[in-house]
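Just so you know, ligand 1 is whichever comes first in the structure, and atom 1 is the first atom listed for that ligand.
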Amino acid sequence: MTSEDERFNFNLSLSLSRFFFVSSLSHGSEQAGSLGNCDSFFLLIFFFPIDCGHSVNLRFSIVVLEFEFSGNVSKPCSQSENAIAGSVSLSSDKAVHELLQSPVQSSDDHLMEFSEALRTVAKALRQAAEGKASAKAEAAEWRRKYELERERNLRLEHKEQLFLENQKDLDDVRTDNPANQPALSNEKSERCCAKNGICSHEVLKDGRSDPDSPTVRKASFKLSWCCKGEQSDQYKHDVVSFEKGNITTAERSSKQISLKWESCPKTVLILTKPNSVSVRNLCTEMIRWLREQKKLDIYVEPRVRGELLTGSSYFNFVESWKDDEEISSLHTKVDIVITLGGDGTVLWAASMFKGPVPPIVPFSLGSLGFMTPFYSENYKECLESVLKGPISITLRHRLICHVVRAAAKSDQETKDQILVLNEVTIDRGISSFLTNLECYCDNSFVTSVQGDGLILSTTSGSTAYSLAAGGSMVHPQVPGILFTPICPHSLSFRPLILPEYVTLRVQIPSNTRSPAWASFDGKDRKKLEPGDALVCSMAPWPVPTACLVDSTNDFLRSIHEGLHWNLRKVQSFDGPRDT
Ligand SMILES: NC(=O)c1ccc[n+]([C@@H]2O[C@H](COP(=O)([O-])OP(=O)(O)OC[C@H]3O[C@@H](n4cnc5c(N)ncnc54)[C@H](O)[C@@H]3O)[C@@H](O)[C@H]2O)c1
Ligand SMILES: Nc1ncnc2c1ncn2[C@@H]1O[C@H](COP(=O)(O)OP(=O)(O)OP(=O)(O)O)[C@@H](O)[C@H]1O
C-alpha cells in the first residue's frame with residue numbers, strides 16, 4: 001500500500017428512507033486484498049415496528065450506512081433513491097485504519113448473499129409502489145368516466161322529461177281510439193325515470209345514436225317491481241342496504257316485474273318459424289288485424305314479406321330490412337316483438353338483438369314451449385291486453401361470450417361478441433377424445449373438465465340442454481350462471497350455480513389432444529384450437545318476455561305441462577299406517 005493509497009477520505013453517508021431501492025451493492029473486489037479497488041460499501045439496518053399499527057403507511061424502515069472510499073481510486077458515491085442522506089467525513093488516518101480492520105474482504109460471500117436479499121426486497125417494494133400508482137390512476141380514470149356518465153344522464157333525463165311532456169300533448173291530440181289508451185299518470189313525477197321505476201329510454205337507448213336526441217318513434221314505458229298484487233313504484237339496484245352499520249335486505253330481487261306503457265305502442269315486429277303452414281296462416285291473419293284494428297306499423301323478416309306479397313299486394317304496407325345495419329337499429333323502431341313458433345323462435349328473436357331487446361310476446365306454435373306461454377287461438381284478447389298494459393314480464397338474463405384466440409394479446413382484443421339466451425356449450429365435436437377444458441372463475445381456477453364438454457347456461461336455459469346434462473332447473477328470474485358438465489369422466493363432478501357477476505373463462509390447454517367446439521344456443525359452431533379460450537359473463541341486455549300470468553306461475557306451468565315434472569301416481573290411502 002503506497003502512502004498515497006493511505007490517504008483515504010471517508011464519506012459516511014446516512015440514508016434514511018422508507019421506500020428506497022438498492023439496485024446493487026457497490027463493492028469492488030476484483031483484486032482481493034487491495035482496498036484501492038474497493039469504492040464503497042453499505043451497512044444496512046432494518047427497523048421493523050413490533051406491532052403492526054393500524055396504518056397502511058407504517059411498514060418498516062431501512063437505515064443505510066454507506067461508506068465511500070475516496071483515495072487514489074476516486075469515484076462518486078452512488079446515492080440511494082429517495083434517500084435522505086447526511087454525510088459525515090472521516091479524515092483521520094486512525095479512523096481509516098480502524099475501519100479497514102473490518103473484515104471487508106473476508107465477508108464477500110455474505111455481502112453477495114445480503115445483496116441478493118436486498119434486491120428481492122427492493123423488487124417487492126418497487127412492485128408494491130408501482131401497483132399502488134397504477135391503482136390510483138385506474139381509480140382516477142373510473143371517477144372521470146363516472147362523472148362524464150352522470151353528466152350525460154342528467155342531460156338526457158332533462159331532455160327526456162321535456163320530450164315526454166310534449167309527447168303527452170301530442171298523444172292526447174292524436175289518439176283516435178281512447179279505449180286502447182294505456183292509463184297515463186297525471187303526476188309529472190311518474191314520468192321521470194330517475195324518481196320511480198325504469199323508463200324505456202334507459203332500457204332501450206341506442207348506444208350509437210346521439211344521446212341528446214330521444215328516439216321519437218318509440219313508445220315509452222315504465223318498469224316497476226311488485227309482489228303478490230302489491231305494486232311498488234320503487235325499484236332498487238341494490239338488494240342489500242347498509243345503513244348506520246346494519247346490513248339489511250332492502251328489496252326482494254325476485255319481485256314480479258310489471259311493464260306499463262306510458263305512450264301507445266305503434267310498431268310491431270313479427271318473427272315466425274319457417275316452413276310451417278299453420279304459422280304462415282296465423283301470421284297473415286294477425287297482420288291484417290293489427291293493421292286494421294290497432295293501426296300499427298308492422299315489420300317482418302324479408303322472407304316473410306316476400307311470401308306475403310306473393311299472396312297479395314294488400315301487404316305492401318308491411319316493412320322489412322335490407323341488411324345487418326338495419327337489423328342493428330331495429331330496437332330503436334320496434335315497440336313489441338311477437339314470435340310465432342316454439343322456444344327456438346324466441347331464441348331466434350333474441351339473437352337478432354345484439355343490444356337492448358324490446359318486450360317479446362311469444363305465441364306457442366311448437367311442441368314444448370317453455371318460453372312461449374301465449375295460446376295462438378285467442379291471440380286477439382292476448383294482444384289487446386298486452387297493447388293496453390300493464391303486463392307482467394320475465395327479464396331473462398343473457399350471457400355475453402367472446403372467443404379469445406391464442407394469438408390475441410388480451411381478452412379485449414377480440415371484438416366479436418355473441419349473446420345467448422339459453423347457453424354456450426363447449427364440447428368435443430366430432431372428436432373421439434375426451435375434452436380437456438381448464439375453467440377459471442374471475443381468474444380463480446375452478447376445475448378441469450374431462451368429459452364430453454361443458455355447458456355455461458343462463459337460468460332460462462336451465463330447462464334446456466343443461467337440464468339434459470343433469471343441471472338444476474332454476475326460475476328464470478334468478479340471476480346466476482349454471483356450470484354444468486356434459487358426461488364428465490369423474491364420479492364427483494356435480495353441477496354448480498355461480499353468481500351473476502362472475503366472469504368465466506374456459507381455456508383449451510395448449511397440450512390438448514384435440515380442439516374443442518363452442519356453440520351458442522345450439523347454433524354458430526366455432527372451433528377452439530389449443531391455446532384459445534372462451535370468456536363469458538352476464539350480458540347487460542336481458543330479454544323481456546311477456547307472461548301469461550306471472551314469471552313464477554308461467555315457469556311452474558311449463559315444467560309441469562312441458563316436462564311432467566315429478567308426476568307420480570298418488571299413493572292410495574288403504575294400507576299400513578303409523579298408529
Ligand atoms: N340434449 C339436449 O337436450 C339438447 C341438445 C342440443 C341442444 N339442446 C337445446 O336446444 C336449444 C336450441 O333450441 P332450438 O329450438 O333452436 O333447437 P331444436 O329445434 O333442436 O329444439 C331443442 C328443444 O329444446 C327446447 N328448448 C329450447 N330452449 C328451451 C328452454 N329454454 N327451456 C326448455 N326447453 C327448451 C325446444 O323447445 C326444443 O324442444 C339449445 O339452446 C339447447 O338448449 C338440447
Ligand atoms: N324466424 C326464423 N328464421 C330462421 N330460423 C328460425 C326462425 N324461427 C325459428 N327458427 C329456427 O327453427 C327451429 C325450430 O324452431 P322452433 O323451436 O320455434 O320450432 P319447433 O321446433 O316446432 O318448436 P319446439 O322447439 O317447441 O318443438 C329452431 O332451430 C329455430 O332456431
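Considering backbone and side-chain atoms alike, L271 places every N or O at 3.5 Å or more from each N or O of ligand 2. Backbone and side-chain nitrogen or oxygen atoms of E423 are examined, and one is located within less than 3.5 angstrom of a nitrogen or oxygen of ligand 1. Backbone and side-chain nitrogen or oxygen atoms of L368 are examined, and one is located within less than 3.5 angstrom of a nitrogen or oxygen of ligand 2.
Counting the atoms of ligand 2 from 1 in the order shown, those under 4.0 Å from a heavy atom of G369 are 26 (O). Taking every heavy atom of G341 and a limit of under 4.0 angstrom, the matching atoms of ligand 2 come to 18 (O). Within ligand 1, counting atoms from 1 as listed, the ones closer than 4.0 Å to a heavy atom of K523 are 16 (O). Near A468, meaning under 4.0 Å from any of its heavy atoms, are these atoms of ligand 1: 1 (N), 2 (C), 3 (O). Interface atoms of ligand 1 facing L368, defined by a heavy-atom separation under 4.0 Å, are 34 (N), 37 (O), 39 (O). Within the listing of ligand 2, atoms 1 (N), 3 (N) sit less than 4.0 angstrom from a heavy atom of E301. Close contacts of ligand 1 with L347, meaning ligand atoms under 4.0 Å from a residue heavy atom, involve 12 (C), 13 (O).
At a cut-off of 3.5 Å, with distance as the only test, no side-chain donor of T503 or S537 sits close to an acceptor on the other residue. Remark: the T458 side chain and the S460 side chain contain no N/O donor-acceptor pair separated by less than 3.5 Å. Under the 3.5 Å distance criterion, with hydrogens and angles disregarded, a donor-acceptor pair is assigned to the side chains of T484 and S466.
Here CG of N422 is found 10.5 Å from CZ of F370. Values are rounded to the nearest 0.5 Å.
For the pair E438 and R505, the salt-bridge criterion is not met [side-chain N within less than 4.0 Å of a carboxylate O]. Salt bridge status for K333 with D297: absent, with no side-chain N to carboxylate O gap under 4.0 Å. Remark: K260 does not engage E262 in a salt bridge, criterion side-chain N to carboxylate O under 4.0 Å.
The protein heavy atom nearest to atom 25 (O) of ligand 2 is D343 N, 4.2 Å. Among all protein heavy atoms, the one lying closest to atom 9 (C) of ligand 2 is T345 OG1, 3.3 Å. Summary of contacts: the protein heavy atom closest to atom 32 (N) of ligand 1 is T463 OG1, 2.7 Å. Looking at atom 30 (C) of ligand 2, its nearest protein heavy atom turns out to be G344 O, 3.6 Å. Scanning the protein for heavy atoms near atom 27 (O) of ligand 2, the closest one is S367 OG, 2.4 Å. Nearest protein heavy-atom neighbour of atom 12 (O) of ligand 2: P274 CD, 4.3 Å. With hydrogens left out, the protein atom closest to atom 3 (N) of ligand 2 is W348 CE2, 3.1 Å, a heavy atom. Here the protein heavy atom with the shortest distance to atom 26 (N) of ligand 1 is D343 OD2, 3.7 Å. Ranking the protein heavy atoms by distance from atom 14 (C) of ligand 2 puts K273 CD, 4.4 Å first. Protein heavy atom at the shortest distance from atom 31 (O) of ligand 2 is K523 NZ, 3.0 Å.
Within a 4.0 Å radius of atom 1 (N) of ligand 1, the protein has at least one heavy atom. Distance remark: protein heavy atom not present below 4.0 angstrom from atom 19 (O) of ligand 1. The presence of a protein heavy atom under 4.0 Å from atom 38 (C) of ligand 1 is ruled out. For atom 43 (O) of ligand 1, a protein non-hydrogen atom is found at a distance below 4.0 Å. The nearest protein heavy atom to atom 10 (O) of ligand 1 is not closer than 4.0 Å. Remark: atom 28 (N) of ligand 1 lies closer than 4.0 Å to at least one protein heavy atom.
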Does the salt bridge (Lys or Arg N to Asp or Glu O under 4.0 Å) test come out yes or no for R525 and D427, once each step is laid out? CA-CA 10 Å; R525 275 177 96 66; D427 60 35; 2.7 Å; yes
R405 and E529: CA distance, side-chain angles, deciding distance, salt bridge (Lys or Arg N to Asp or Glu O under 4.0 Å) verdict: CA-CA 8 Å; R405 298 294 173 194; E529 300 285 359; over 6 Å; no
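Among V424, L454, L498, the single residue meeting the side-chain contact (heavy atoms from CB on, under 4.5 Å) criterion with L504 is L498. Applying side-chain hydrogen bond (donor to acceptor under 3.5 Å, both in side chains) to H475 and the options T394, T459, T552 leaves one that passes, T552.
Ring geometry for F363 versus Y379: interplanar angle over 60°, hence perpendicular rather than tilted (30 to 60°). Ring geometry for F315 against F317 counts as tilted: the plane angle lies between 30° and 60°, on a 0 to 90° scale.
Residues P302 and W321 have side chains in contact (heavy-atom distance under 4.5 Å, counting atoms from C-beta outward).
For S460, the heavy-atom gap to ligand 1 drops under 4.0 angstrom.
Residue contacts with ligand 2 for L347 are absent, since no atom lies close enough (heavy atoms, distance under 4.0 Å). If you look at Y465 next to ligand 1, the close heavy atoms, those under 4.0 Å, come from the backbone and the side chain alike. Of all the heavy atoms of L467, none lies under 4.0 Å from any atom of ligand 1, so neither backbone nor side chain is involved.
Taking each of G342, P476, G461, G344 in turn, the one with a heavy atom nearest to atom 15 (O) of ligand 1 proves to be G344. Closest to atom 1 (N) of ligand 2 by heavy atom, among T272, N275, I270, is T272.
Other residues, nucleotides and ligands contribute at most 12 non-hydrogen atoms within 6.0 Å of the CZ atom of R494. Surrounding CG of N443 are at most 12 heavy atoms belonging to other residues, nucleotides or ligands under 6.0 Å away. Around atom OH of Y314, more than 12 heavy atoms belonging to other residues, nucleotides or ligands sit under 6.0 Å away.
Y299 does not carry R305 over the face of its six-membered ring by the limits of under 6.0 Å from the centre and within 45° of the normal.
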